[in-house]
Every structure is written in structure tokens, then in C-alpha cells.
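Notes for the one structure printed next.
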Amino acid sequence: MRNQQIGDIFNEMADIMEIIGEDHFRINTYRKVARVIHDCPQDVSELAGREELRSLPGIGESSAKKIDEFVQHGTVQAHEKLLKKIPPKLLDLLKIPGFGPKGVAAVWKKLNVENIADLQRAIDDQSLEELPGFGAKKAEALAHGIKFLESAQGRILLIYAVGIAEAVVGQLRQRIAGLKRIELAGSLRRCRETIGDIDLLAEADDEELARHIVETFTRIDGVQEVILAGETKASVRFTDPNVCSDVVQVDLRVVPSKSTGAAWQYFTGSKYHNVRLREIAVKKKFKLNEYGLFRGEKQLAGKTEQDVYKKLGLAYIPPTMREDRGEVELAQKNKLPAVVEQKDIRGDLHMHTPASDGRNTLEELVAMAKMLGYQYIAITDHSQSSAIANGLDIERLLKHIKKIKVLNEQYDDITILASSEVDILMDGSMDYPDEVLAQLDFVIGSVHSGLTGPEEKCTARVIRAMKNPYVNCIGHPTGRLIGTREPMKLDMNAVIAAAVETHTALEINAHPQRLDLKDIHVRQAIEDGVKLIINTDAHDVAGLQLMRYGVATAQRGWATSSDILNCQPLDAIRAWRVEGGEL
DNA sequence: GCCGTTTTCGGCCCGACTGTTTTCAGTCG
């Protein structure tokens with residue numbers, strides 16, 4: 001999969017073109033191409049040379065040729081030419097907050113600054129402040145920016161961002177008596193798997209209150225630094241050690257109630273989704289901004305998001321779908337899929353007890369599952385090869401199955417399936433013999449070791465497991481840990497085709513560090529008719545409550561409840577499992 | 001460079017904040 005690499009080339013070309021001052025519409029096009037490539041579930045290097053590549057939205061003849069060229073030669077001439085026009089480390093300067101292409105071009109041309117060390121020297125010897133358009137304050141801000149860059153952390157996991165946002169909102173509610181409404185926005189609301197900064201939106205109908213909210217925000221506990229603060233908007237760097245050790249940028253915007261919907265829509269993004277909406281507005285001779293949808297001076301919509309979409313002639317688009325991945329077109333035709341919701345989930349088919357590496361008893365898990373309103377759960381302790389996870393040998397497993405069946409008899413309002421998360425061994429065989437697997441109500445096959453092998457080997461391994469008639473589902477298919485462990489190299493086309501052929505479900509593991517399958521693969525899988533299961537893989541009762549992250553990932557992949565096995569009644573799952581029939 | 005139920009040529013989203021400015025450019029989201 002070379003999409004990351006190819007997309008990065010287009011972004012780098014755009015960066016260089018900005019510095020040397022080329023047409024910015026062309027630059028935007030390159031950035032869009034980069035985004036389309038990054039979002040594409042198919043390996044674009046496999047689409048190269050075929051018409052399919054040119055049919056991707058935003059990719060025209062010229063971009064397709066560059067992609068073909070990369071696949072054939074490993075380089076793109078246009079890219080190489082651009083690289084020759086700038087010093088090799090110049091692009092590092094763009095990473096400094098507050099320093100953009102115009103500034104970089106100025107210091108390079110006028111002061112021969114070619115990298116961050118050069119810039120630091122220009123700040124130190126005060127030659128920077130002599131430059132037209134620069135000054136002492138700008139120099140100071142850049143010095144600060146360089147320091148920040150040296151200590152900068154990357155994006156944080158969604159669940160930490162949720163924790164931090166809740167901490168900030170909690171403090172604001174406590175400190176501001178007149179605070180009526182405050183909402184989460186940005187990538188946090190869209191439930192991207194990682195979050196760069198946290199966006200909040202507050203409502204205030206008088207300017208006094210708006211100022212008070214902004215000012216209070218800059219003074220709450222945990223603020224490390226105020227980046228900017230105006231009348232209606234402020235940005236801070238914030239940390240809360242109760243959530244995580246990272247320092248995160250939090251942006252707050254305050255708008256009047258007549259604009260709350262438009263502002264919430266705007267600050268939820270994505271940027272590209274918003275651009276699409278504004279283009280539609282322009283075509284209708286309207287104007288869309290964070291204050292509302294306007295015809296001339298007249299506000300047509302703004303109080304609610306629903307109004308804004310409606311007046312634009314669009315069906316309401318759920319936040320998790322707002323990525324400009326085709327949802328706007330479907331909303332225009334009123335053909336959006338009704339994506340799965342938390343309330344559709346009827347059970348959780350992946351969790352662990354102390355029999356292997358879980359922390360809560362069977363009874364405690366059942367109690368929590370009942371509280372969550374589930375009709376069924378599957379107990380899926382590890383198999384014998386997972387020694388670190390205290391996996392069960394056959395003898396222990398058989399006893400465990402008995403215990404679960406006895407327990408199941410005690411409940412008439414929930415069904416407990418005796419199951420197992422069985423290791424897929426290196427050669428693709430299963431960690432228990434078939435006659436043992438046959439005794440389980442449900443079987444998840446998972447890869448837990450040897451994830452670093454070559455693609456053909458990993459793919460063949462998983463597909464062999466799928467071909468075992470007792471395996472119902474592949475758990476966390478790629479094995480990735482976001483930000484920590486790379487996904488296993490899988491030919492996702494082949495895995496999806498095998499899932500259809502062998503009638504095996506794929507898991508959407510809801511754990512915030514996994515989210516595996518991820519959104520674009522979810523979409524690819526359901527397009528080909530694969531059934532998915534959203535599971536928490538809980539190791540304690542708190543883990544059972546992380547289902548929402550899996551649901552959000554399913555929504556981001558446009559899955560409806562009919563795509564998700566554990567949105568169906570247990571009888572339907574049993575029939576699906578045994579007969580291989582349709583749901 | 002891409003795209004088209006107003007266009008195959010002429011468009012391509014919008015506003016807050018900051019700093020260096022006598023009216024605005026750059027950056028960010």
C-alpha cells in the first residue's frame with residue numbers, strides 16, 4: 001500500500017509551489033489529489049494505468065499520469081524538478097506554527113535562511129526583525145514556535161481528546177453561571193481516530209457574556225499558554241494529567257444563538273466538506289459562513305444545523321460522514337445511507353474474563369451488558385498459544401464452556417455465548433483442533449503474533465483461517481495499535497473477497513487504540529457485502545462501554561445496521577452462522 | 001489542475017486574529 005507515500009508527494013509539490021508562488025488554484029488541486037489518494041481504500045498503485053484511477057473525483061489526466069509515473073519509476077519528474085528549486089531542508093520551516101509559505105519565501109530569498117537552524121540565527125542576530133513585514137514581536141513568536149516544534153507531540157487518540165474536552169467543558173460550566181450551551185465540534189465530533197486540536201463552540205447572546213466566556217476559558221486550570229484571544233474566539237494549549245500527559249491545543253468560539261447551528265456545522269468540518277457546502281450556497285446565490293446561510297442580508301438558516309442543510313437542498317448529514325468522501329452528492333439526491341447507531345447494537349461478541357487476561361468476573365460482565373441493554377454477549381477468552389494472555393488449554397477451555405453454559409441457564413433476559421478468541425497460528429491454522437472449535441457457540445480468529453511479515457504471507461495466513469468452517473469472525477483484522485504498532489500488511493481486496501466467499505464476518509474492534517477495521521476499510525467491506533461485527537474486546541466492565549467508538553468508526557465507513565451482525569437478533573446470527581444464509 | 005442540469009472556458013469558500021501596518025497581508029481553521 002503506497003497511498004501514503006504517493007499522497008505525500010502531491011502535498012510536498014503543493015508546499016513547494018506555495019513557497020515559489022505558483023497559482024493557488026492549482027496548488028489546491030494538488031492538495032485535493034493528495035487527500036483523495038490518502039482516503040482511497042484501494043492501493044492506487046494497483047489502479048495505475050487503468051481508467052479507475054481517472055474516475056476518482058479530483059484526479060484528472062495530469063495527476064493520473066504522475067501516479068502512473070510513480071508506479072513505473074518510483075519517482076515523479078514534476079516533483080523532482082520542484083525539489084531542485086528549493087534547499088533540501090526549507091520545507092521544515094513550514095512546520096513552525098505561525099510561519100507560512102510567504103514568510104518562508106521571504107527569509108529564504110532575503111536572508112538566505114535554508115533551514116530551522118538558519119532561522120534561529122537570523123532571530124538571534126536580529127536580522128529577521130529588519131526584514132519588511134517582520135518585527136520584534138514576529139521574531140519572538142517564531143522563536144517560541146521553534147521551541148514548541150522541538151517539544152511538539154503528535155495527534156492524540158480520540159478517547160483522550162474526549163476526556164480533555166469534557167474536562168474543559170466541566171470547568172467552564174462550573175465557572176460561568178450564564179453559560180447555556182457548549183458543544184464539541186471539529187474532528188472530535190466527527191470521531192476521527194486521532195485528534196490534532198479540540199474545537200469547542202459556546203452560545204452567548206450578548207457581547208458581555210461572550211467576552212466573559214472567552215476570558216474565563218483562557219484562565220481555567222490546565223491552561224499552559226494562551227495562543228490567541230479575541231472578542232469571540234481564543235486558542236490555548238491545555239493539559240489535564242487525569243486524562244493524559246499530552247498538551248493539546250483547544251480552540252473556543254462563541255456565537256449568538258441565531259447562529260449556533262451554522263457555527264456548529266462550520267466548526268465541525270471537515271474543511272473540505274464545508275468547501276463543498278459553500279460552493280453549493282454560491283451556486284444558489286447564497287452565502288454560507290459561521291453566522292448562517294444568507295441571501296443578501298437576509299438570514300435563511302443558522303439556528304440549527306438541520307436548517308442549514310435543508311435550505312441548501314441537502315439531507316441532514318451525520319457528523320461522522322462529513323469528510324467530502326461523496327456524502328454531499330448523496331445528500332443532494334436524498335440517498336444517504338441510514339448509518340448504524342449505538343441504540344441499534346444488541347450485543348457484544350468479544351470480551352475477556354480472568355480465565356485468560358480479563359479483570360472482571362463473568363457475572364460482573366453480564367451485569368454491565370444487561371445495563372447496556374444487550375440481548376446477548378459472547379465470552380471470548382484467549383486460546384492456548386497466547387501464553388502471555390494466560391490463554392486456555394483445551395482442558396481449561398472445556399471446563400470454561402461448561403461454566404458459561406451453567407451461568408447462561410441462570411438468566412432469561414440475556415444469552416451468554418461460550419466462545420473463544422482463537423489465535424491464528426503462523427501457518428494460518430487455528431490454535432484449537434476443529435473438534436474443539438465445534439463445541440463453541442461462536443469463534444473469533446485473531447492474529448496476535450508475527451504481524452510484521454510480508455503481505456503475501458500475512459494475507460494467506462488470514463485467508464486460511466477464514467476458510468476454516470468454524471471461524472465466524474476475524475478479530476481486529478490488521479492488528480494495528482494507533483500510533484504504536486503498524487497494521488499487518490494485508491491485501492484488503494483479497495481479504496474482503498475471502499470474507500464474502502467463506503462467509504466470515506470482519507470485526508470493527510471498538511477499542512480506541514485499535515479501531516480495526518478502520519473507516520475506509522469498513523466502507524470497502526460493506527460495498528462488497530461483507531458482514532461486520534462491532535465488538536469492544538473488553539478486558540473489564542469499563543471496556544464494555546467503549547462500544548461508541550466502534551459505532552462511530554462504522555458510521556465513518558457508512559455502515560447501516562443491516563451490515564452489522566450484532567445489530568441483529570441472536571436467532572438471525574445463529575441462522576447466518578449455521579446456514580451461511582442472508583440476514 | 002479540475003470540472004460542468006446556468007459553463008468545454010472561466011471560474012474555483014469564508015472570516016477571526018495578529019502584527020506591521022497608514023489600509024492590509026499572512027496565517028489558521
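Labels below follow one simple rule: chain letters A, B, ... track the order of the sequence lines, proteins then strands, and each chain is numbered from 1. Quick note: numbers below take in every heavy atom, side chains included, and nothing from hydrogens, waters or symmetry partners.
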Checking side chain to side chain donor-acceptor pair (under 3.5 Å) between A:Glu193 and each of A:Arg556, A:Arg480, A:Arg155, A:Lys518, which is the one that passes?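 Considering A:Arg556, A:Arg480, A:Arg155, A:Lys518, a side chain to side chain donor-acceptor pair (under 3.5 Å) with A:Glu193 is found only for A:Arg480.
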
Measure the distance from [atom1] on [X] to [atom2] on [N] and round it to the nearest whole Å.
{"X": "A:Phe286", "N": "B:dT6", "atom1": "CZ", "atom2": "P", "answer": "14 Å"}
{"X": "A:Arg253", "N": "B:dC28", "atom1": "CZ", "atom2": "C1'", "answer": "12 Å"}
{"X": "A:Ile227", "N": "B:dG19", "atom1": "CD1", "atom2": "P", "answer": "13 Å"}
{"X": "A:Asp324", "N": "B:dC13", "atom1": "CG", "atom2": "C1'", "answer": "13 Å"}
{"X": "A:Lys138", "N": "B:dT21", "atom1": "NZ", "atom2": "P", "answer": "12 Å"}
{"X": "A:Leu293", "N": "B:dC14", "atom1": "CG", "atom2": "P", "answer": "11 Å"}
{"X": "A:Leu94", "N": "B:dG26", "atom1": "CG", "atom2": "C1'", "answer": "13 Å"}

After noting the C-alpha distance and the side-chain angles of A:Asp118 and A:Lys89, does the key distance pass the salt bridge (Lys or Arg N to Asp or Glu O under 4.0 Å) rule? CA-CA 10 Å; A:Asp118 289 350; A:Lys89 297 279 183 192; over 6 Å; no

[X] side chain near [N] phosphate (N/O to OP1/OP2, under 4.0 Å):
{"X": "A:Asn289", "N": "B:dG15", "answer": "yes"}
{"X": "A:Lys284", "N": "B:dT6", "answer": "no"}
{"X": "A:Tyr291", "N": "B:dA16", "answer": "yes"}
{"X": "A:Arg26", "N": "B:dG1", "answer": "yes"}
{"X": "A:Ser63", "N": "B:dC2", "answer": "yes"}
{"X": "A:Ser187", "N": "B:dG29", "answer": "no"}

Integer angstrom distance from the [atom1] of [N] to that of [M]:
{"N": "B:dC28", "M": "B:dT20", "atom1": "P", "result": "16 Å"}
{"N": "B:dT18", "M": "B:dT23", "atom1": "C1'", "result": "15 Å"}
{"N": "B:dC3", "M": "B:dC13", "atom1": "P", "result": "15 Å"}
{"N": "B:dT5", "M": "B:dG1", "atom1": "C1'", "result": "24 Å"}
{"N": "B:dC2", "M": "B:dT6", "atom1": "P", "result": "23 Å"}

Counting only Watson-Crick pairs (N1-N3 plus N6-O4 or O6-N4) and G-U wobbles (N1-O2, O6-N3), all under 3.5 Å, who is the partner of B:dT27?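 Its partner is B:dA16.
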
Step by step, would you call A:Asp251 with A:Ser235 a side-chain hydrogen bond (donor to acceptor under 3.5 Å, both in side chains)? CA-CA 4 Å; A:Asp251 300 335; A:Ser235 297; 2.7 Å; yes

Of A:Ala229 and A:Pro132, whose closest DNA chain B nucleotide lies nearer the 5' terminus?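 Closest to the 5' end, via its nearest nucleotide, is A:Ala229.
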
On DNA chain B, does the nearest nucleotide to A:Ala139 precede the nearest nucleotide to A:Lys32 from the 5' side, or the other way round? Give the residue.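 Between the two, 5'-proximity favours A:Lys32.
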
Using a cut-off of 4.0 Å on non-hydrogen atoms, how would the nucleic acid contact of [X] be classed: base, sugar-phosphate, or nothing?
{"X": "A:Val33", "answer": "nothing"}
{"X": "A:Ala262", "answer": "nothing"}
{"X": "A:Gly103", "answer": "sugar-phosphate"}
{"X": "A:Asp197", "answer": "sugar-phosphate"}
{"X": "A:Ile27", "answer": "nothing"}

Please pick, from [options], the nucleotide with the shortest atom-to-atom distance to any side-chain atom of [X].
{"X": "A:Lys285", "options": "B:dT6, B:dT20, B:dC13", "result": "B:dT6"}
{"X": "A:Ser62", "options": "B:dC2, B:dT7, B:dC14", "result": "B:dC2"}
{"X": "A:Lys137", "options": "B:dT20, B:dC13, B:dG15", "result": "B:dT20"}
{"X": "A:Lys102", "options": "B:dG15, B:dG1, B:dT27", "result": "B:dT27"}
{"X": "A:Thr232", "options": "B:dA16, B:dG29, B:dC13", "result": "B:dA16"}
{"X": "A:Glu290", "options": "B:dC13, B:dA16, B:dG1", "result": "B:dA16"}
{"X": "A:Phe25", "options": "B:dC14, B:dT20, B:dG1", "result": "B:dG1"}

Relative to each other, are the rings of A:His273 and A:Tyr309 parallel, tilted or perpendicular (30° and 60° limits)?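 The arrangement is tilted - the two ring planes meet at 30° to 60°.
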
Close side-chain approach of A:Arg35 to A:Lys32, heavy-atom, < 4.5 Å: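 A side-chain contact under 4.5 Å exists here.
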
Is a donor-acceptor contact shorter than 3.5 angstrom present between the side chain of A:Tyr266 and the base of B:dG29?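 Side chain to base: pair found, below 3.5 Å.
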
If you measure from the Lys or Arg side-chain nitrogens to the Asp or Glu carboxylate oxygens, is any gap between A:Arg189 and A:Glu305 under 4.0 Å?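 Here A:Arg189 pairs with A:Glu305 in a salt bridge, since their nearest N and O are under 4.0 Å apart.
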
For A:Val248 and A:Asp197, work out which heavy atoms get closest and say how close.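 Distance-wise, the nearest heavy atoms are CG1-CA, 4.4 Å.
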
